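Chain A is the first sequence line, chain B the second, and so forth, proteins listed ahead of strands; every chain is numbered from 1. Keep in mind it's a predicted model, so treat the numbers as computed, not measured.
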Amino acid sequence: MTYNHHVVEKKWQKYWHEHNVFNTTNDPNKENFYALDMFPYPSGQGLHVGHPEGYTATDIVARMKRMQGYNVLHPMGWDAFGLPAEQYALKTGHDPKSFTKKNIENFKRQINALGFSYDWNREINTTDPSYYKWTQWIFERMYQRGLAYEAEVPVNWSPDLGTVVANEEVIDGKTERGGFPVVRKPMRQWMLKITAYADRLLDDLDLIDWPENVKEMQRNWIGRSEGAAVTFKVVDSEDTIEVFTTRPDTLFGATYMVMAPEHELVDKITTAEQKQVVKAYQDEAAHKSDLDRTDLNKDKTGVFTGAYAVNPVNGKQIPIWISDYVLASYGTGAIMAVPAHDDRDFAFAKKFDLPIIPVVDGGNVADAAFTGDGLHINSEFLDGTNKDEGIHKMIAWLEDHHVGAKKVNYRLRDWLFSRQRYWGEPIPIIHWEDGETTLVPEEELPLILPETPDVKPSGSVESPLANLDDWVNVVDKNGRKGRRETNTMPQWAGSSWYFLRFVDPHNKEALADYDKLKAWMPVDLYIGGAEHAVLHLLYARFWHKFLYDIGVVPTPEPFQHLFNQGMILGANHEKMSKSKGNVVNPDDVVEQFGADTLRLYEMFMGPLDASIPWSEEGLSGARKFLDRVWRLIVDDQGKLRDHVTTENDGTLTTIYHQTVKKVTEDFEALHFNTAISQMMVFVNEASKADALPVEYMEGLVKLLAPIAPHMMEELWQELGHDETLTYEPWPTYDEQYLIEDEVEVIVQVNGKVRGHLKVARDTDKVKLEALARADEHVQKFVGTQTIRKVIVVPNKIVNIVAK
RNA sequence: GCGGGUGUGGCGGAAUUGGCAGACGCGCUAGAUUUAGGUUCUAGUGUCCGAAGGACGUAAGGGUUCAAAUCCCUUCACCCGUACCA
């Protein structure tokens, strides 16, 4: 009887569900293991074959850990706030809530069809008020500690749509929907002070087991650099300009200054004669996109303000220019320019004929800036020192004279936390008529997102919530009028702490019980796409550290071991996309081949982190292997085969124990492709054997169960058991069976293989050399040459060097 | 440009304290089973020359070593991140 995946997969999914097989256990005698997937945004498109790749990986580990005697927490939930639902609502007038609910149902159906061992009793949904109550609670705690504040930040405003659009909705300066013009408009927005945690976010990367490239991306994103702040006085004015520099040692070479066109002092210091050109340049810069200002513009531009500053170290007057090569958003928005030792300053000085004074010996200022190390020149008290020493001495001098200090600067900026959207967590803030801003009292949380029959643009920079007068307008007990914050939180908010809620999802008193968090955190294995390498993972780490500081969570880091799965490409080696017509739908695969085949195939394709094209033949190859396993154990009548026996003639002993070892180690290391290959080798050997010890067949079924759980449950039943194998003990191996008594030693002549010796394990060097020399074929290649040297590595190789 | 990574048969890949390159799977070839197709089973399958047996071969070039896919240097290609970060 051939294997029928339709029947068997449904049968076991029903069994698992009805028996609550995957409920998280809390046995105090067992160790805990937390295996987590990055929870998905339930899009209307449904599941993509890329989703199950990461999900299968964590599921395999979760299932193995259960069998190894751990309590396993393996949950799933929904990151369900987000732009698509809002856009859908705006377009159709439908409610994002019911739309989202429908999508979640579809996602859940698809996920369950793949046989993942999630504990659905812990399902969470970021749009559920009982969940976002705690998202709001965290915001309030941050506000109370000064980590949430308001600032004036420009947004993309579309007058035609009457709404603010996100960066990803702006294409070539026009709205994605309708192609209307977009203008930058300043608006008061909420910010979170992630920069206060910059050093810890950087340093604690050393505590965690993450891919080096992800750590490196986070380091670059934080962008810590050490240097000095230096204050320049503006000539004939009370104003001063502060700059940040990593090379304070080159201060004697600073021959001009440059400010960003947007710098607040520009208008103030610009002289009357220069007003017009400066204004014109500012306008031009304001209309250029960021891309124009950087990528497309390698040629330096700028104008002189007419003002001068005093170089604090030598009293020289230097001109102040503005140029868009200086970014308002980095450092202080102004720089001291040292053209002799900075490539950008050099290009600018060349173009505008500004003086170039070398202060570090080594380069030739006629050709290029010299950025290397060397001895200082033209630098009075620094002359003769090298770079490091010069920096040190200059900082001391600056501090002594109160014109500067050592400073650390970050590229990381504070987190823009508000969105002008309906479909997000309301920010629990009230703005009162007397100017006071207060939090919604904690006991009134959650602040529920009000339902509305029709989500429509507010017509202003505010979110659609501004339309809901009953909700927006509030009056306190003294009759003071107030207005609720109409901004909502970004999607990142709910995903910055969801892994904590899984630990204790129904808690009404706290976001999660501290002792339970202590038992489960940090997450032991976290798998998801590389696209979250920076933002999600940095935000989540930031919130976690904050919660750690206020005593809510017990660990400084949330995710101990992180892994990024690769992408599954279309059969044509291109990224799957509707427009390319190369998308594979998991529903179709499950229908045709079964979930076990999909899981096996995705794990066998190659290393988990590689991007590999889909192959229909590869997929049916996976099914063929599963069929082979089935036929190995079950006959045409659906009965256990006769050759599965309690007797063991020993032919499979070594390969079985090797397989148990390799599969166990490979699963642990997430090397699923090689684990599967080892099981294939074992099955090939077993197919040739006369008798199959029942112990080994049970072992094989258990080893394969994490990958192909439905068929293995069925085979486990064929082998005479009547309960799930979920909690059966994981197979073990015995070292003594791994070692073969006879080994093959290769014989080389001058590094080329010329013969093989079958000898007893640990045959000594002398004997091996003698045997090698005696080999006829070897002798032929040695011929009349003199043997100069013989290298013998027992159990491995003999290399005869002859000339 | 900078930072990180990768480069192995027709394809996906395996082998990393340096020790038989190509495990395993796909595809392909031949044979068996089948009315036939599919399935299944057996054998073969890096390239070149051949009867045995050789020579060559891990992006390209060079080096270290008894021995290099693996270590070192140079170059090239592709992928990911980033974008004048002072």
Side-chain angles (χ1 to χ4, degrees), chain A residues 2 211-221 223-225 227 230 243-248 250 257-258 260 290-291 293-295 297-298 300 323-327 329-338 341-345 347-348 409-412 530-531 533-534 564 566-567 569 571 573 600-601 604-607 609-622 624-625 627-628 631 671 673-684 687 744-756 777 780-781 788-793 795-802:
Chain A
T2 55
E212 201 45 52
N213 68 322
V214 175
K215 288 189 181 184
E216 200 55 34
M217 278 160 74
Q218 294 219 341
R219 286 188 193 110
N220 292 339
W221 193 263
R224 182 190 148 103
S225 59
V230 184
V243 303
F244 172 74
T245 177
T246 54
R247 292 293 304 272
T250 62
M257 293 186 81
V258 186
D290 287 349
L291 208 68
R293 285 180 63 165
T294 58
D295 223 22
N297 185 6
K298 297 293 179 202
K300 297 277 182 286
S323 172
D324 60 10
Y325 88 89
V326 173
L327 310 175
S329 57
Y330 183 79
T332 62
I335 62 158
M336 65 177 214
V338 184
H341 304 292
D342 181 282
D343 293 322
R344 296 151 303 179
D345 297 343
F348 192 82
N409 195 54
Y410 299 93
R411 199 192 88 110
L412 181 70
E531 66 273 22
V534 178
N564 293 125
M567 220 183 324
L569 305 172
H573 289 66
L600 178 76
Y601 172 59
F604 186 59
M605 292 173 97
D609 57 359
S611 290
I612 299 172
W614 185 262
S615 154
E616 208 61 36
E617 287 91 357
L619 180 66
S620 69
K624 281 205 308 215
F625 171 66
D627 284 337
R628 264 166 78 80
R631 285 197 309 271
H671 295 165
N673 56 330
T674 49
I676 292 166
S677 141
Q678 179 66 34
M679 288 189 270
M680 287 172 166
V681 171
F682 177 73
V683 171
N684 288 345
S687 305
E744 196 173 69
V745 171
I746 50 167
V747 182
Q748 298 183 333
V749 177
N750 291 327
K752 298 209 161 131
V753 181
R754 300 300 180 191
H756 302 259
H777 197 63
K780 208 168 93 191
F781 279 89
R788 294 282 161 94
K789 198 169 171 187
V790 179
I791 290 107
V792 184
V793 181
N795 298 328
K796 273 194 176 157
I797 197 169
V798 177
N799 190 9
I800 298 168
V801 185

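Across all strands shown, B:C11 pairs with B:G25; the Watson-Crick or G-U wobble distances both stay below 3.5 Å. Pair assignment for B:A55 gives B:U47, based on Watson-Crick or G-U wobble hydrogen-bonding distances that are each under 3.5 Å. The nucleotide B:U17 finds no pairing partner, because no Watson-Crick or G-U wobble arrangement with both distances shorter than 3.5 Å includes it. Remark: B:G3 base-pairs with B:C80. Criterion, Watson-Crick or G-U wobble with two distances under 3.5 Å. Of the nucleotides present, B:G63 is the one that pairs with B:C71 by Watson-Crick or G-U wobble criteria, both distances under 3.5 Å. Using the Watson-Crick or G-U wobble rule with both distances under 3.5 Å, B:C41 pairs with B:G31.
The glycosidic torsion of B:G13 lies more than 90° away from 0, which places this base in the anti conformation.
Proximity of A:R219 to the phosphate of B:G4: no side-chain N or O atom is located under 4.0 Å from OP1 or OP2. A sub-4.0 Å separation between OP1 or OP2 of B:A67 and a side-chain N or O of A:K796 is absent. Listed pair A:R631 / B:C41 meets the phosphate criterion, a side-chain N or O lying under 4.0 Å from OP1 or OP2. OP1 or OP2 of B:C66 has at least one side-chain nitrogen or oxygen of A:K789 nearer than 4.0 Å. An OP1 or OP2 oxygen of B:G25 is reached within less than 4.0 angstrom by a side-chain nitrogen or oxygen of A:N684. Regarding contacts with the backbone of B:A86, a side-chain N or O of A:S225 is found under 4.0 angstrom from either OP1 or OP2.
The listed nucleotides are B:A86, B:C20, B:C84; the one nearest the side chain of A:Y330 is B:A86. Checked against B:C41, B:A86, B:C20, the side chain of A:T246 finds its nearest nucleotide in B:A86. In the set B:A23, B:C20, B:C66, the nucleotide with an atom closest to the side chain of A:S677 is B:A23. Of the candidates B:C84, B:G3, B:C66, the closest approach to any side-chain atom of A:V801 belongs to B:C66. Comparing B:G3, B:C11, B:C24 against the side chain of A:M680 picks out B:C24 as the nearest. Closest approach to the A:I791 side chain among B:C20, B:U40, B:G19 is made by B:G19 (side chain taken as heavy atoms from C-beta onward). Ranking B:G54, B:G19, B:A86 by closeness to the A:I335 side chain, first place goes to B:A86. Of the candidate nucleotides B:C85, B:C41, B:U39, B:C85 has the atom lying nearest to any side-chain atom of A:L327. Here B:G25 is the nucleotide among B:A86, B:G54, B:G25 with the atom lying nearest to any side-chain atom of A:F604. Distance from the side chain of A:N799 is smallest to B:G19 among B:G13, B:U39, B:G19.
As judged by a 4.0 angstrom heavy-atom cut-off over every strand, A:Q748 is placed among the base-contacting residues. Among the heavy atoms of the strands, none lies under 4.0 Å from A:Y601. Within 4.0 Å of A:I612, counting heavy atoms only, lie sugar-phosphate atoms of the nucleic acid but no base atom. When heavy atoms are screened at a 4.0 angstrom cut-off, A:R224 is found touching no nucleic acid atom at all.
The same atom, P, is picked in B:C24 and in B:G44; the two are 12 Å apart, to the nearest Å. Rounded to a whole angstrom, the distance from the C1' atom of B:C73 to that of B:U64 is 11 Å. When the P atom is compared between B:C2 and B:A14, the two are found 30 Å apart, to the nearest whole Å. To the nearest whole angstrom, the two C1' atoms, one in B:A59 and one in B:G5, are 15 Å apart. Taking atom P in both B:G18 and B:A67, the straight-line distance is 15 Å, to the nearest Å. The same atom, C1', is picked in B:G57 and in B:A68; the two are 14 Å apart, to the nearest Å. Across B:A21 and B:U16, the matching P atoms stand 14 Å from one another, rounded to whole Å. When the C1' atom is used for both B:C79 and B:U45, the distance is 31 Å, rounded to whole Å.
Between A:G333 and A:A610, it is A:A610 whose nearest contact on RNA chain B lies nearer the 5' terminus. Of the residues near RNA chain B, A:N409 and A:N213, the one whose nearest nucleotide (by heavy atom distance) lies more toward the 5' end is A:N213.
The CE atom of A:M605 lies 10.0 Å from the OG atom of A:S611; values are rounded to the nearest 0.5 Å.
The shortest side-chain heavy-atom distance between A:D609 and A:N564 does not fall under the 4.5 Å cut-off. A 4.5 Å side-chain heavy-atom check between A:N750 and A:I800 finds every atom pair outside the cut-off. Here the side chains of A:F604 and A:M680 are in contact, with some heavy-atom distance below 4.5 Å. Here the side chains of A:D345 and A:M336 are not in contact, with every heavy-atom distance at 4.5 Å or above. Between A:D342 and A:T250, every side-chain heavy-atom pair lies at or beyond the 4.5 Å cut-off.
For A:N409, the side-chain hydrogen bond (donor to acceptor under 3.5 Å, both in side chains) partners two or more places apart in sequence, or in a different chain, are A:Y330.
For the pair A:K300 and A:Y325, the cation sits on the ring face: its NZ or CZ lies under 6.0 Å from the ring centre, inside 45° of the axis.
Note: CZ (A:R344) to P (B:C2) measures 14 Å, nearest angstrom. Nucleotide B:C80 holds its P atom 7 Å from the CE atom of A:M567, rounded to whole Å. In this structure, A:R411 atom CZ and B:C2 atom P are separated by 18 Å, rounded to whole Å.
At a cut-off of 3.5 angstrom, counting only N and O atoms as typed in the model, there is a donor on one side and an acceptor on the other between the side-chain of A:E744 and the base of B:C20.
A donor and an acceptor atom, one from each side chain of A:N220 and A:R411, are nowhere located under 3.5 Å apart.
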